Chemist: 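Structure provided below as structure tokens; questions to follow.
Chain A is the first sequence line, chain B the second, and so forth, proteins listed ahead of strands; every chain is numbered from 1. The structure displayed is predicted, hence computed values, not measured ones.
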2 protein chains.
Amino acid sequence: MDDDSVFRALADASRRQLLDRLYAHNGQTSGDLCQNMEMSRQAVAKHLAILEEANLVAVQWRGREKLHFINPVPINAVAERWISKFEAPRLDALSTLKRTLEGEGNGQQ
Amino acid sequence: MDDDSVFRALADASRRQLLDRLYAHNGQTSGDLCQNMEMSRQAVAKHLAILEEANLVAVQWRGREKLHFINPVPINAVAERWISKFEAPRLDALSTLKRTLEGEGNGQQ
DNA sequence: TTGACAGGCAACCATTAGGTTGCATATAAG
DNA sequence: CTTATATGCAACCTAATGGTTGCCTGTCAA
């Protein structure tokens with residue numbers, strides 16, 4: 001919902017790495033995600049809290065374990081609302097080029 | 001080229017606003033971009049320097065004026081390399097189209 | 001019940017980020 | 001030439017960020 005929290009959450013390489021790892025294997029515990037992270041468990045927990053705050057990660061408790069699941073919706077929303085704006089002119093240019101190259105007027109996507 | 005500098009540059013709302021303003025009207029001077037920015041000229045200059053550093057803005061000198069032009073390529077590159085992974089189904093077709101077109105020797109990147 | 005394990009909370013620290021002010025430099029205009 | 005304008009540079013300040021350590025709570029298993 002909040003573009004700013006999403007952008008800020010994505011600004012840190014460690015947090016992007018955590019998302020990458022969740023993308024590779026969803027539903028990991030904090031402990032799992034701490035493996036090979038070159039920082040303390042609490043530091044990882046803080047990063048996960050920020051991702052959770054930005055709604056990029058959803059959690060589910062199973063006993064004493066906290067499972068983390070990636071939530072792609074905010075990323076998609078930001079990409080659609082904000083980034084695609086800067087992509088549109090370029091795609092327009094490409095579409096025009098495509099029509100030019102193909103010599104026909106059917107460049108619909 | 002450097003994902004991290006792009007993500008960090010985009011993390012600040014003021015910088016995103018500057019990009020918005022350049023998108024609305026490209027080629028503005030620092031002075032133009034300071035209008036209605038609720039901060040000093042130097043603060044804006046710092047933000048512009050960060051955008052320039054991340055290659056999101058290209059500059060061109062005209063006498064004593066520094067013109068700023070938006071460069072959408074890094075945003076698109078990050079979107080394609082990183083974000084589209086999380087929305088693979090929806091954007092796959094689009095990315096494929098872009099790669100196809102870019103492979104036809106038009107020198108877009 | 002007693003320990004081990006998963007995680008949270010709070011205090012603290014160093015660095016960075018965003019902002020300010022003041023002054024310097026280069027170009028344009030009179 | 002003098003002055004106004006556009007921008008750069010540097011020092012400085014404050015708050016946020018990313019990290020640490022120490023301790024506490026809740027859950028599982030022997």
Chemist: Are B/Trp82 and A/Leu56 linked, directly or through intermediate hydrophobic residues, by side-chain heavy-atom contacts shorter than 4.5 Å (ILVMFWY only)?
Modeler: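 Yes; B/Trp82 is reachable from A/Leu56 via cluster members.
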
Chemist: Looking only at the side chain of B/Lys66 (C-beta and beyond, no hydrogens), which of the listed nucleotides D/dT7, D/dG18, C/dG8 gets closest?
Modeler: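 For the B/Lys66 side chain, the nearest candidate turns out to be D/dT7.
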
Chemist: Closest-nucleotide mapping onto DNA chain D: is A/Arg62 or A/Ala11 further toward the 5' terminus? I mean the 5' end.
Modeler: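 Per heavy-atom nearest nucleotide, the more 5' residue is A/Ala11.
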
Chemist: Could you state the atom-to-atom distance from CG of A/Asp32 to P of C/dC5 in whole Å?
Modeler: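 One finds 15 Å between P of C/dC5 and CG of A/Asp32, rounded.
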
Chemist: Between C/dG18 atom C1' and B/Leu10 atom CG, what is the distance in whole Å?
Modeler: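 Nearest whole value for this atom pair: 17 Å.
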
Chemist: Whole-Å distance between C/dG7 P and A/Gln35 CD?
Modeler: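 Between P of C/dG7 and CD of A/Gln35: 11 Å.
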
Chemist: Between A/Gly31 and B/Ser14, which is nearer to the 5' end of DNA chain C once each is assigned its nearest nucleotide?
Modeler: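 Result of the comparison: A/Gly31.
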
Chemist: Are any of A/Ser40's side-chain N or O atoms less than 4.0 Å away from OP1 or OP2 of D/dT20?
Modeler: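 Result: yes.
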
Chemist: Can you figure out which of D/dG8, D/dG18, D/dA11 approaches the side chain of B/Lys46 most closely?
Modeler: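 Closest nucleotide among those given: D/dA11.
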
Chemist: Hey, is the side chain of A/His47 poking within less than 4.0 Å of OP1 or OP2 on D/dG19, counting only N and O atoms?
Modeler: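 Yes, such a contact exists.
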
Chemist: Can you measure B/Arg41 atom CZ to D/dA4 atom C1' for me and round it to whole angstrom units?
Modeler: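 Rounding to the nearest Å, CZ of B/Arg41 and C1' of D/dA4 are 14 Å apart.
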
Chemist: Run through A/Ile50, A/Leu33, A/Asp12 and flag the one making a side-chain contact (heavy atoms from CB on, under 4.5 Å) with A/Leu18.
Modeler: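 So, applying the side-chain contact (heavy atoms from CB on, under 4.5 Å) to A/Leu18 and each of A/Ile50, A/Leu33, A/Asp12, only A/Leu33 qualifies.
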
Chemist: Side chain of A/Ala43 only, please: which of C/dG18, D/dT7, D/dG19 is the nearest?
Modeler: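 For A/Ala43, the side-chain atoms sit closest to D/dG19.
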
Chemist: Please determine, for the side chain of B/Ile50, which listed nucleotide (C/dG18, D/dG19, D/dG18) has the closest atom?
Modeler: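 Output: C/dG18.
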
Chemist: When the distance from CD of B/Glu65 to P of C/dA29 is rounded to whole Å, what number comes out?
Modeler: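 Those two atoms, CD and P, are 9 Å apart.
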
Chemist: Do A/Thr29 and A/Leu67 touch side chain to side chain, with heavy atoms closer than 4.5 Å?
Modeler: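 A side-chain contact exists here, since the closest heavy-atom pair is under 4.5 Å.
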
Chemist: Considering only side-chain heavy atoms of A/Arg64, which listed nucleotide, D/dA6, D/dT20, D/dC28, is closest?
Modeler: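 Minimum distance to the A/Arg64 side chain belongs to D/dC28.
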
Chemist: Could you state the atom-to-atom distance from CD of B/Glu38 to C1' of C/dG18 in whole Å?
Modeler: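 Roughly 15 Å, once rounded to whole Å.
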
Chemist: With heavy-atom distances below 4.5 Å as the criterion, would you say the side chains of A/His47 and A/Met37 are in contact?
Modeler: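 A/His47 vs A/Met37: side chains apart.
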
Chemist: Are A/Leu10 and A/Leu19 side-chain neighbours, meaning at least one heavy-atom pair lies under 4.5 Å?
Modeler: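 Yes; the side chains approach each other to less than 4.5 Å.
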
Chemist: Would you please confirm or rule out a distance under 4.0 Å between OP1 or OP2 of C/dG18 and any side-chain N or O of B/Arg15?
Modeler: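 True: B/Arg15 side-chain N/O within range (under 4.0 Å) of C/dG18 OP1/OP2.
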
Chemist: Map A/Met39 and A/Gly63 onto DNA chain D by nearest heavy atom, then report which one ends up closer to the 5' terminus.
Modeler: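 This one resolves to A/Met39.
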
Chemist: Counting heavy atoms from C-beta on, name the nucleotide in D/dT17, C/dG19, D/dA6 closest to the side chain of A/Arg8.
Modeler: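 So the side chain of A/Arg8 is nearest to D/dT17.
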
Chemist: What's the closest nucleotide to the B/Gln42 side chain, out of D/dC9, D/dT5, D/dT21?
Modeler: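 That would be D/dC9.
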
